[in-house]
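Single-structure report; data block below.
These values consider heavy atoms only, across backbone and side chains, with no hydrogens, waters or symmetry-generated copies. This chain uses plain numbering: 1 for the first residue, then up along the sequence.
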Amino acid sequence: HSLISDYFRKIQRPVAIGFFSLGVPLGNFLGIFLGGMLVAELGWRWTFFWLGAPGILLALIVWLTVREPARGGMDDPADLAALRQGDDIPLFESIRNLWASPTFRIMSFSAAPSALCGYGMNLWMPQFLQRIHELTPAQYSLPLGAAIGIGGGLGAMLGGIITAKAAARDPRAFLTLPALNMVIFAVALGLAVWTSSLPVMCLGVAVAAFAQFYLMGPFFAVVQRLAPLRGRAVATAFFFFILASIGIGIGPYYVGQMSDIFRASYGEAQGLQMALMTLPVISLVAGAIAYFGRNAIRKDADRIGAAATPN
């Protein structure tokens, strides 16, 4: 993300980061699709090996081909003086300054529970299909992988494009549009979990994945705007730390624990279904935080480069 900020101007960054974020849903698609087939043929140990091996080749390609551009080369001259003020700030002071931003706090408090919902859905949906729809990994790998990959890919791409255009009129779109998509996620996941139709379930998962990945471009573009010139990598890493700690660290564990709690009353299959149905409630809370905190953008107008917005 720090490199992207040096390749693209700030108005282009939501789109650029959205395109870059395509790797996550596409990786989910390949992981689920190829993983389902490879597990059936090779077992889980060799599946991990063959899915991880291409990363070594890709890392070599990036190392040999990607060149680091000059810091601040694509920033507006009027912004450079303010951006360079944080050049020599130590790590923890840089994080403290970032957390002092009202916009960053609102994004963190809304994106973290949203990530919990997304990772909880993605990692438990295969078990859901096995228990509720009685499908094998070979049977669900393609439809589930395609739903998450296509839906999430469109969300990551269009999230940056749509928000960049809307933010040119009202910068609060960086929070209001992600908030709207958190509501869409809640409705779509609820439909996917409760329907008995497999095509409708796949459609619901695709829409939920779209909404889940929509916020990648807008939120990370704002993080880059809030950070000083040489603090962008730290800012991205800190925001990722917040999302990963709650999303990956708690999301799957939370769904598993709730499934165990509901299992006592509803059985194993219905227990997981009930556990997944708690995620839409959390997503609605996350959306409310982003929507009602949208005016934080006004307090950070100088750092974000936003014009004054109406009430």
Show the atom names and distances, to 0.1 Å, of all donor-acceptor pairs under 3.5 Å that link a side chain in residues 240-249 to residues at least two apart or in another chain.
{"from": "S245", "atom 1": "OG", "to": "F241", "atom 2": "O", "distance (Å)": "2.6"}

Between side-chain atoms of residues 104-111 and protein atoms elsewhere (two or more places apart, or another chain), which donor-acceptor pairs fall under 3.5 Å?
{"from": "R105", "atom 1": "NH1", "to": "W99", "atom 2": "O", "distance (Å)": "3.0"}
{"from": "R105", "atom 1": "NH1", "to": "A100", "atom 2": "O", "distance (Å)": "3.0"}
{"from": "S108", "atom 1": "OG", "to": "F104", "atom 2": "O", "distance (Å)": "2.9"}
{"from": "S110", "atom 1": "OG", "to": "I106", "atom 2": "O", "distance (Å)": "2.9"}
{"from": "S110", "atom 1": "OG", "to": "M107", "atom 2": "O", "distance (Å)": "3.2"}

Side-chain donor-acceptor pairs of residues 277-286 under 3.5 Å, sequence neighbours excluded:
{"from": "T278", "atom 1": "OG1", "to": "Y254", "atom 2": "OH", "distance (Å)": "2.8"}
{"from": "T278", "atom 1": "OG1", "to": "A275", "atom 2": "O", "distance (Å)": "2.6"}
{"from": "S283", "atom 1": "OG", "to": "M182", "atom 2": "O", "distance (Å)": "2.7"}

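F185 and C117 get closest at one heavy-atom pair: CE2-CB, 3.6 Å. Smallest separation of non-hydrogen atoms from A147 and A209: O-CB, 4.2 Å. When all heavy atoms of A166 and A173 are compared, the closest pair comes out as CB-CB, 3.7 Å. Residue A188 comes nearest to G204 through the heavy atom pair CB-O, 3.4 Å, listed as atom of the first residue, atom of the second, then distance.
Taking the ring centroids of F174 and F219, they lie at or beyond the 6.0 Å cut-off.
Counting only heavy atoms from C-beta outward, the side chains of Q224 and F220 never approach each other to under 4.5 Å. With contacts defined as side-chain heavy-atom distances shorter than 4.5 Å, the pair T176/L180 does not qualify.
Under the 4.5 Å side-chain contact rule for hydrophobic residues, V207 and M125 do not share a cluster.
Side-chain atoms of D300 come within 3.5 Å of backbone N or O of T103 as a donor-acceptor pair. Listed for the W124 side chain is no donor-acceptor partner under 3.5 Å among the backbone atoms of V255. Between the side chain of T65 and the main chain of I61, a donor-acceptor pair closer than 3.5 Å is present. R294 places a side-chain N or O within 3.5 Å of a backbone atom of Y291 that can act as its donor or acceptor partner.
Scanning for side-chain hydrogen bond (donor to acceptor under 3.5 Å, both in side chains) contacts around S197 gives an empty result, with sequence neighbours left out. R263 pairs by the salt bridge (Lys or Arg N to Asp or Glu O under 4.0 Å) definition with D260, not counting sequence neighbours. In this structure T136 satisfies the side-chain hydrogen bond (donor to acceptor under 3.5 Å, both in side chains) test together with Q139, sequence neighbours excluded.
Annotation: F262, atom CZ; neighbour count of heavy atoms from other residues, nucleotides and ligands within 6.0 Å is above 12. Taking a 6.0 Å sphere around CD1 of I150, one finds it holds 12 or fewer heavy atoms contributed by other residues, nucleotides or ligands. Annotation for F239: atom CZ counts as buried by contact number, over 12 foreign heavy atoms lying within 6.0 Å.
For Y266 and Q273, the side-chain atoms include no donor-acceptor pair closer than 3.5 Å.
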Worked verdict on Q212 versus N181 for side-chain contact (heavy atoms from CB on, under 4.5 Å): CA-CA 7 Å; Q212 173 193 356; N181 276 274; over 6 Å; no

